[in-house]
Each structure stands twice: as structure tokens, then as C-alpha cells.
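Lettering follows sequence order; numbering is per chain, from 1. Quick note: numbers below take in every heavy atom, side chains included, and nothing from hydrogens, waters or symmetry partners.
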Amino acid sequence: MLDIKFIRENAEIVRKSLRDRMGEAGTVDELLKLDMRHRQLLQEVEGLKATRNRVSDEIGRLKKQSEDAGKLIDEMKTVSQNIRSIDAEVKGVSQQISSLGLIIPNIVHSSVPVGGGEKDNVEIRKWGQAPVFKFKPLTHLEIGETQGILDFKVAAKLAGSGFAFFSGPGARLVRAMTGFMLDLHTEKHGYREVFPPFLVNRDCMLGTGQLPKLEKDMYRIDEEDLFLIPTAEVPVTNIHRGEIIDGEKLPLCYAAYTACFRREAGSYGKETRGLTRVHQFDKVELVKFVRPETSYDELEKLLSDAEEVLQKLGLHYRVVSLCTAEVSFAAAKCYDIEVWAPGEGKFLEVSSCSNFTDFQARRAGIRYRPASGARAEYVHTLNGSGVALPRVLIALLETYQQEDGSILIPDVLRSYMGGLETITSRESI
RNA sequence: GGCGGGAUGUCCGAGUGGUUGAAGGAGGCGGUCUUGAAAACCGUUUGGCGGGUAACUGCCACGGGGGUUCGAAUCCCUCUCCCGCCGCCA
């Protein structure tokens, strides 16, 4: 959510940002019209309320002195009637304002490349090299099947298409990866580990900006109006919803492992085969609450924290700065990390690191006091995957496959795998 | 799931229809005192939204929403959360 005052005073900046995002700028003017109407009505009704307050005091005084206040009470009945009807109008208008306000995306940062689609994203850097094979590398689907560590038939039997089922060393690999990533971020990068609920209420979803726009993309428990989290960003950012944080405590950095749930309605075809796009996946998420003036530096740090996961795993990847049309709704700037999957022969997105500036903070009411006694201000929030599991597993299996079909385990994971150095089909079920 | 109790400012806590935006305390900030600190004392300290160049000023907010009333922190309804007891259960 943007500050209505900011929109009022900088309408052109907001319009430009919307156009750069390849969106409609008309909502801004609609919003401004409503805002003006809203303020008119406020002035009118507040004048009436001032009268009512004054006269009600007078009535109280008269009654105390056992004098007759009947006439004043009658007058105030009418005034109250008017107040009620104007208040109803105010409520209507301000509801329109907030629902419009909720669908206007964050303003993109000036460093974000302007562009209309994926092709306009700008590659920032590449790390490592694509592995070279003396044989034709298999895809993770083939590897998973021959090694008996990944079984989509069982998954489909249990839950339907778009789910994964890991087995034996495959399942252990999932556990190893989450442990490895959490340890790296907590022990080396200084994040505090948290383990939140996987279901959250509607307020959380509004706070981080998933609602109202993406309601159909999420799994919802009707009975309680709870949502399965699409990312740990939602519960973790909402930890401090409605709070004023002591400025001394910033930055607050959290790392969380959670399962993530996405309906992915409408995506079919080869994108949905294998682990590339599944309804449930595991992810370690990094979330930061920072002082506004530091947020872009913190974004770079967050990005490099996430990159280090891939570096330690020895996986080839690149970092991309998303263009204006691709930066997500709540973000002002976003980097994607894409890992190379040799079997697929392409880069796969495994992390999005975003600066949301004060956009989520304003929605969720997350403020801090810059100094004691100072006025509370909105924090900046950031988050990034550190990283998402399934696609990293794709890259891992495809990168470390050997000619005999076995899979070498990267050094950093071996202690998490009980010392196992290779996965071979002997291990399969 | 059933019954009972509760939710007040940064925190604790008083307040059951009319100067209570809110006593009192703690904490924070400023000051007096002190070589310095502590203690003591004095003062100050909620947020949001409007209007005004400004000084200043209006409205709203006592968990959320709705209602009664000339007037609600205070009465009624409803929801959420917390605590206790019973039931159920990994």
C-alpha cells in the first residue's frame, strides 16, 4: 500500500511507475477523486461532531443543575441523524479508497530496468561454469526414477498431479538441504531461526500483499478462513504486524524453513512435469526488517547470502535484475537467482530477493522508533529464498550425475547425509 | 466442543453513562541537585486522519465490528485472542 499523501503529492511518479509496470494508470486518478470527496465529507461531518460534542457537554451540565435540556436534546437528535448518514457515506468512500489502494503496486526503484517481459530482465552476473559431460546428461526425472529416489506415480496416487514423493536417500537429501541452508544462514549470516505455522489468517495475507490479488492462487481452509502459506515470507513478515519496534533492534533478520503451498491454477504442460512446478515444496526463506536508509544495501547482502548456498553446493547460476513488468506487486526491486540445470538445459529460478520498501510495512502496520521519543516510522521489509528446494535438487541431481547413473553428493552435504558420498541405485526401494 | 474470567496508552494498572484522551505507577526524555553517578525532586511523554503559510485547531481511537443514547472505555449484540475448569485427542 502506498501512502495516500504521497500519491496526492506525487501523482505523476505513481502513474509513471504503473505504466512502467505495464499496468493501467487510471486507478490513480480514480483514487485521487475519491480522496478529495472523502476529505470534503470529513470536514462536513467533523464540524457536526464538534457541535454535538459541545452541546452534549452543555446538556450534561444542565442536567446536573436539574435544568431543562429537552430542547437541546431534540436539536441534537437531528444533528446525530445527519452525522449518521454522512458517516455512512464516508465509510463507503473510504472502503472504495482502501480497496483501490490495495491494488496499486509498489513504486519501482529507479535502478530497475524498464521493460515489458522476461526478455528485458538484465543479467547482473554469472557464477561458476556449466558442467561438461562425456555422456548425454539425463533429466532429474530420469535420474530420480532410475535411482528410486523420486516417484511421481506415488505422489499422484496420494495427492494428484503436481506433487512430489521423495524416497530413501532422496528424502534424506531434502532433509539434508534444509539443515544445511538453515545452518549456513543462522551460524554464518546471523539470521534468527524461526519455525512458524504453515497456515495463516486473512490479515497476514493482506499484510504481505498476497490478498486481495492472488486469492485464487492459494489453498484455503474454508471452515476457519485460513490459508496454506505460499511462502514463509507471509508468516515471518507478519511476526511484527501492528508493532512499533525499538529502533535499536534493527535490523531484524529471520530464517525459516517451511513447506510452501501453491495451487498454480492454470499452469499445464511441460512446465508442470517433474519438480519444476509443484503444489507443495520446501524452502528456506530469509526475511529482514530494516531501517529505510539501509534497505538497498541490505538487499545486496540478502542476495549474496542466498547465492552462497549455491556456491557452497558448487552449482552454476546467474543473477538477474527483474525489469519493471516482472517485479512483483509489493516489491520495489527484485533479483532472481537462476541455477543451471544441465539435464533440462536451462536456468531455473530458485530465489527471488526483493526489497518491499515500506509497502508491506504500511499494509501490515510495522513501524519502528528511530530514536527514543521520536515519531514512529515504517520499517522496510525484504525477503528472499535462501533457497527453494525442488529446483535446486533438479540442478543438483543433474549436475552431479555420473556416467554409471549414480549421483555424487557435494562435500557440504555429506555430514547431513550421514557421511554418504554417492547415491546409487542400490539404495532404492 | 461445554462453562466461567479477561483484553485500557511503551509497559503495569485504575476506571460501570456527562471536562476521562484517560487516575496512579514504571520506563523514556528534559531539568534541578552532584566533582561525576545514583537517589530525591520538578517538568514532559499515545497514535491516526483532516483544516491552516504558520501560531494553532477539529475529528476519531480504551481487542475488532455493529447497536442503544443528546452523549459510551463504561450498557447491549457479535467476532477474535488470552487465562482457568471439564470433555476430546497426537
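Here U74(B) sits opposite no nucleotide as a Watson-Crick or G-U wobble pair (both hydrogen-bonding atom distances under 3.5 Å). With both pairing distances under 3.5 Å, U35(B) is matched to nothing as a Watson-Crick or G-U wobble pair. As the counterpart of A90(B), no nucleotide is assigned, since no Watson-Crick or G-U wobble pattern has both distances under 3.5 Å. Across the strands present, A7(B) finds its partner in U80(B); the criterion is a Watson-Crick or G-U wobble pair with both atom distances under 3.5 angstrom. The partner of C29(B) is G43(B), by the rule that a Watson-Crick or G-U pair needs both atom distances under 3.5 Å.
Side-chain proximity of R367(A) to the nucleotides G58(B), G50(B), G48(B) is greatest for G48(B). Closest to the side chain of E46(A), from the set C60(B), C70(B), G58(B), is G58(B). The side chain of K49(A) approaches C59(B) more closely than any other nucleotide in the set G51(B), C59(B), C49(B).
Straight-line distance between the P atoms of G24(B) and C79(B): roughly 38 Å, to the nearest whole Å. Across G28(B) and G21(B), the matching P atoms stand 29 Å from one another, rounded to whole Å. Separation of the P atoms belonging to C76(B) and U16(B) is 14 Å when rounded to the nearest angstrom. C81(B) sits 47 Å from G31(B) when the P atoms are compared, rounded to a whole Å. Distance check on atom P: G67(B) versus C60(B) gives 16 Å, rounded to whole Å. For U8(B) and A61(B), the C1' atoms lie 12 Å apart once the distance is rounded to whole Å. The gap from the P atom of A7(B) to that of A14(B) amounts to 9 Å, rounded to the nearest Å. U80(B) and C29(B): their P atoms are spaced 42 Å apart (whole Å).
Regarding I59(A), its CD1 atom lies at a distance of 15 Å from the C1' atom of A72(B), rounded to whole Å. Atom-to-atom, CG of L62(A) to C1' of G71(B) comes out at 13 Å; the value is rounded to the nearest Å. Atom CZ of R202(A) is separated from atom P of G65(B) by 17 Å (rounded to the nearest Å). Rounded to a whole Å, the CD atom of Q81(A) is 10 Å from the P atom of C70(B). One atom, NZ of K77(A), and another, C1' of U68(B), lie 13 Å apart when rounded to the nearest Å. Atom OH in Y378(A) sits roughly 13 Å away from atom P in G47(B) (whole-Å rounding). Atom-to-atom, CG of D57(A) to C1' of G17(B) comes out at 13 Å; the value is rounded to the nearest Å. If you take CD1 of I83(A) and P of U69(B), they are 14 Å apart, rounded to a whole angstrom.
Among the atoms of the strands shown, only primed sugar atoms or phosphate atoms (P, OP1, OP2) are found under 4.0 Å from some heavy atom of R84(A). Among the protein residues, R8(A) comes within range of the sugar-phosphate backbone only, with heavy atoms under 4.0 Å from sugar or phosphate atoms but none that close to a base. Across all strands, N53(A) comes closer than 4.0 Å only to sugar-phosphate atoms, never to a base (heavy-atom distances). Using a 4.0 Å heavy-atom criterion, one finds that L72(A) contacts no nucleic acid atom at all. Note on R54(A): nothing from the nucleic acid sits closer than 4.0 angstrom, heavy atoms only. Within 4.0 Å of R52(A), counting heavy atoms only, lie sugar-phosphate atoms of the nucleic acid but no base atom. Residue contacts for K71(A): at a heavy-atom cut-off of 4.0 Å it reaches no nucleic acid atom on any strand shown.
Heavy-atom nearest nucleotides on RNA chain B were determined for M76(A) and for Q43(A), and the one closer to the 5' end corresponds to Q43(A). Where L42(A) and S80(A) meet RNA chain B, the nucleotide closest to each residue was compared, and L42(A) sits on the side nearer the 5' end.
Under the side chain to side chain donor-acceptor pair (under 3.5 Å) criterion, no residue pair touches residues 152-165 of chain A, with sequence neighbours excluded.
Contact annotation: K63(A) does not reach the phosphate of G18(B) (side-chain N/O to OP1 or OP2, under 4.0 Å). Note on R61(A): every side-chain N or O is 4.0 Å or more away from OP1 and OP2 of U19(B).
For R19(A), the CZ atom sits in a packed shell: over 12 heavy atoms of surrounding residues, nucleotides or ligands are nearer than 6.0 Å. Taking a 6.0 Å sphere around CD of E145(A), one finds it holds 12 or fewer heavy atoms contributed by other residues, nucleotides or ligands. More than 12 heavy atoms of other shown residues, nucleotides or ligands fall within 6.0 angstrom of atom CE in M22(A).
Distance check: S295(A) OG to K333(A) NZ gives 10.5 Å after rounding to the nearest 0.5 Å. In this structure, L315(A) CG and Y400(A) OH are separated by 5.5 Å, a value rounded to the nearest 0.5 Å. Rounding to the nearest 0.5 Å places CZ of R277(A) at 8.5 Å from CD of E349(A).
Ion pairing between a basic and an acidic side chain is recognised when a charged N comes within 4.0 Å of a carboxylate O; K49(A) and E46(A) show no such pairing.
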